[in-house]
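Notes follow the structure.
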Amino acid sequence: MIRVGIVGASGLAGGELIRLVNQHPELELTFLGGNSSAGRRPAELHPGLRLDLGLTVEPVTADRVAERCDVVFLATPAPVSARLAAELADRVPCVTDLSGAFRIRTPELHERWYPKAERTTELADRFVYGVPELVGDQLVDAALISVPGCYATAITLGLAPLTLGLGLNLRTVVIDGKSGSSGGGLQLRVPDLHPLRNGAIAPYAPTGHRHAAEVSDFLLRSKPGSVGSLAMSAYGVSHVRGLLASTYVYTDDQVDQRELQRAYIKFYKEHTFVRVRRHNETLIPVPDPQAVLGSNYCDVTALHDPDGGRIVVLAALDNLVKGAAGQAVQAVNKRFRLPEDTGLTMQPVMPA
């Protein structure tokens, strides 16, 4: 069994990690870490987890984690993750960070979007950007994994067949993102109170989002020159889980609907957790968050819009599973050479 620690066990991503690790046949939960929740049991923090794990949340020390864990998940704010990763990097075989502390490799971009997450360039360069479908064997035996953000996962999986598959140059990319309230975590903020959030479409980042910088940074490192300008507007909607990234792509390259459909199906043919929508196969013909809730799937499709001179890419996922804890477990499966879907075969829950 692979011994697992979860730091940040009281948060939403931490709760999802507890749920997934507990049902995983090859992982054993041996440590729960947190400071404000120290001494509490998982069931006290997450009412859905009525589990007798024999564990309570403990204060986090590097010695304690290193002694009891083969892999540690950091479900902590970026500044905390940056500090803990530096302490644990050479003491735990695998450190998997769910924060934004190591997602953006370019120092100037990182400083702009995560100014409080202080890190060294040497440590940042050691992290593998952990979107399993796109980084292949880089995750095998990786010591340090940075799990992409929820929006970044959807956007990157949506764009990869265009840039890495078809080799298109994306002159302009405009992203419209809508996500549920769980994307903001458990922080108490007035705009997130139910009387203000319910039934609303709230533009909380109308002119920029750090996940857009993350996507651009990754795609340009993977294929230099593949993306020109990339901009994003993000909106909060009244549901709790799930997000939809609608990406509008303008390119000077010629492509039609049939070529797009073939390219996406071919690109994700061997990848269990990306489902390419065929537009006529189900009652919901295009990606919709409600069709993936509770699962590790990302549904994607691409449509050619000749009147608008654009490609419309839609990607939907559960932000707490494929956008966070599920993808983290998927990356760890690859790291330890396990079948990629081990412990992640749960189907979506619908209606939710």
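These numbers were taken from a predicted model, which means no experiment stands behind them. Because only heavy atoms are used, hydrogens play no part in the values below, and waters and symmetry mates are left out as well, while side chains stay in. Numbering of residues begins at 1 and proceeds along the displayed sequence.
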- Query: For Ile6 and Val72, what are the C-alpha separation, side-chain angles and deciding distance, and is it a side-chain contact (heavy atoms from CB on, under 4.5 Å)?
  - Reply: CA-CA 6 Å; Ile6 299 170; Val72 59; over 6 Å; no
- Going through the checks in order, is the side-chain contact (heavy atoms from CB on, under 4.5 Å) test met by His24 and Val329? CA-CA 9 Å; His24 196 292; Val329 172; 3.7 Å; yes
- Item | Stepwise side-chain hydrogen bond (donor to acceptor under 3.5 Å, both in side chains) check, His110 with Arg105 | CA-CA 7 Å; His110 172 80; Arg105 188 69 55 83; over 6 Å; no
- Item | Stepwise salt bridge (charged side-chain N to carboxylate O under 4.0 Å, His left out) check, Arg210 with Glu214 | CA-CA 6 Å; Arg210 56 193 179 185; Glu214 177 185 335; over 6 Å; no
- Item | Verdict with reasoning, Leu74 to Val95, per side-chain contact (heavy atoms from CB on, under 4.5 Å) | CA-CA 7 Å; Leu74 301 181; Val95 177; 3.8 Å; yes
- Start with the C-alpha gap between Val300 and Leu314, add the side-chain angles, then the distance that decides, and say whether side-chain contact (heavy atoms from CB on, under 4.5 Å) holds. CA-CA 6 Å; Val300 302; Leu314 304 175; over 6 Å; no
Just list the side-chain donor-acceptor pairs under 3.5 Å for residues 162-169, sequence neighbours left out, or say none.
none

Can you give the donor-acceptor pairs under 3.5 Å from side chains of residues 134-161 to other protein atoms, not counting sequence neighbours?
residue : atom : partner : partner atom : Å
Asp141  : OD2  : Arg337  : NH2          : 2.6
Ser146  : OG   : Arg103  : N            : 3.4
Tyr151  : OH   : Gly177  : O            : 3.2
Tyr151  : OH   : Lys178  : N            : 3.1
Tyr151  : OH   : Ser179  : N            : 3.2
Tyr151  : OH   : Ser179  : OG           : 3.4
Thr153  : OG1  : Gly149  : O            : 2.9
Thr153  : OG1  : Gln327  : NE2          : 2.8
Thr156  : OG1  : Ala152  : O            : 2.6

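The pair Glu133-Lys322 counts as a salt bridge, with a side-chain nitrogen and a carboxylate oxygen less than 4.0 angstrom apart. Of the charged side-chain nitrogens involved, at least one lies within less than 4.0 Å of a carboxylate oxygen, so that Lys334 and Glu340 count as a salt-bridged pair. With salt bridges taken as basic N to acidic carboxylate O contacts below 4.0 Å, one links Arg91 and Asp63. A salt bridge is absent between Glu108 and Arg112: the closest approach of a Lys/Arg side-chain nitrogen to an acidic carboxylate oxygen does not fall below 4.0 angstrom.
Judged purely by atom type and a 3.5 angstrom limit, Thr120 uses its side chain to pair as donor or acceptor with the backbone of Leu123. With hydrogens and angles disregarded, no donor-acceptor distance shorter than 3.5 Å links the side chain of His46 to the backbone of Gly48. Side-chain atoms of Ser222 come within 3.5 Å of backbone N or O of Phe218 as a donor-acceptor pair. A donor-acceptor pair under 3.5 Å links the side-chain atoms of Arg64 to the main chain of Pro59, judged by distance alone.
The local environment of CZ in Arg171 is crowded, with over 12 non-hydrogen atoms from other residues, nucleotides or ligands closer than 6.0 Å. Heavy atoms of other residues, nucleotides or ligands lying less than 6.0 angstrom from CD of Gln257 number more than 12. By the 6.0 Å contact criterion, CG on Asp52 is open, its count of non-hydrogen atoms from other residues, nucleotides or ligands being 12 or less.
Hydrophobic clustering (ILVMFWY, side-chain heavy atoms < 4.5 Å, transitive): Leu220 and Met232 are in one cluster. By the criterion of side-chain heavy atoms lying less than 4.5 angstrom apart, applied directly or through intervening Ile, Leu, Val, Met, Phe, Trp or Tyr residues, Leu51 is grouped together with Met346 in one hydrophobic cluster. Hydrophobic clustering of Ile, Leu, Val, Met, Phe, Trp and Tyr side chains at less than 4.5 Å, counting indirect connections, keeps Tyr204 apart from Leu244. There is a path of hydrophobic side-chain contacts, each under 4.5 Å, that joins Leu49 to Leu45. Residue Leu109 is grouped with residue Tyr114 when hydrophobic side chains (ILVMFWY) are merged at heavy-atom distances under 4.5 angstrom, including chains of intermediate members.
Listed by chain and residue number, nothing satisfies the ring pair (Phe, Tyr, Trp, His ring centres under 6.0 Å) test with Phe31 (two or more places apart in sequence, or in another chain). Arg275 is linked by a side chain to side chain contact (heavy atoms under 4.5 Å, CB included) to Arg277, Val292, Tyr297, Asp299, Pro348, counting only residues two or more places apart in sequence or in another chain.
Applying the side-chain hydrogen bond (donor to acceptor under 3.5 Å, both in side chains) test to every pair with at least one member in residues 240-249, sequence neighbours left out, gives these pairs: Glu16-Arg241, Arg241-Asp318. For residues 77-101, the set of pairs meeting the ring-ring contact (aromatic ring centres under 6.0 Å, His included) definition, not counting sequence neighbours, is empty.
With contacts defined as side-chain heavy-atom distances shorter than 4.5 Å, the pair Glu28/Val21 does not qualify. Looking only at side-chain heavy atoms (C-beta outward), Leu17 and Leu98 come within less than 4.5 Å of each other. Side-chain contact between Tyr250 and Leu170 is absent, with no heavy-atom pair separated by less than 4.5 Å. A heavy-atom distance below 4.5 Å is not found between the side chains of Glu87 and Thr61. A 4.5 Å side-chain heavy-atom check between Asp90 and Arg126 finds at least one atom pair inside the cut-off. Using a 4.5 Å cut-off on side-chain heavy atoms (C-beta onward), Leu344 and Leu20 make contact. Under the 4.5 Å side-chain criterion, counting only non-hydrogen atoms from C-beta, Gln330 is in contact with Phe273. A 4.5 Å side-chain heavy-atom check between Val4 and Thr30 finds every atom pair outside the cut-off.
A distance of 11.5 Å separates CD of Gln23 from OG1 of Thr342, quoted to the nearest 0.5 Å. We find the CG-CG distance between Leu88 and Asp97 to be 10.5 Å, quoted to the nearest 0.5 Å. Atom-to-atom distance recorded for Arg262:CZ and Ile265:CD1 is 9.5 Å, nearest 0.5 angstrom. Distance CD/Glu58 to OG/Ser37: 11.0 Å, rounded to 0.5 Å. To the nearest 0.5 Å, atom NZ of residue Lys223 and atom CG of residue Leu219 are 10.5 Å apart. A distance of 7.5 Å separates NE2 in His239 from CG in Leu293, rounded to the nearest 0.5 Å.
Across all non-hydrogen atoms, the minimal contact from Ala331 to Gly130 is CB-O, 4.3 Å. The two atoms that bring Val65 and Val60 nearest to each other are CG2-CG1, 4.1 Å, heavy atoms only. Nearest heavy-atom pair, Ser99 versus Thr76, reported as atom, atom and distance to 0.1 Å: CB-O, 3.1 Å. Across every non-hydrogen atom of Asn319 and Gly242, the tightest pair is OD1-N, 2.7 Å. Pairing each heavy atom of Gly34 with each of Ala38, the nearest pair is O-CB, 3.7 Å. Pairing each heavy atom of Ala302 with each of Gln261, the nearest pair is O-OE1, 4.4 Å.
No side-chain N or O of Ser233 forms a donor-acceptor pair with one of Asp176 less than 3.5 Å apart.
Ring orientation note: the planes of Tyr268 and Tyr264 are tilted relative to one another, at an angle of 30° to 60°.
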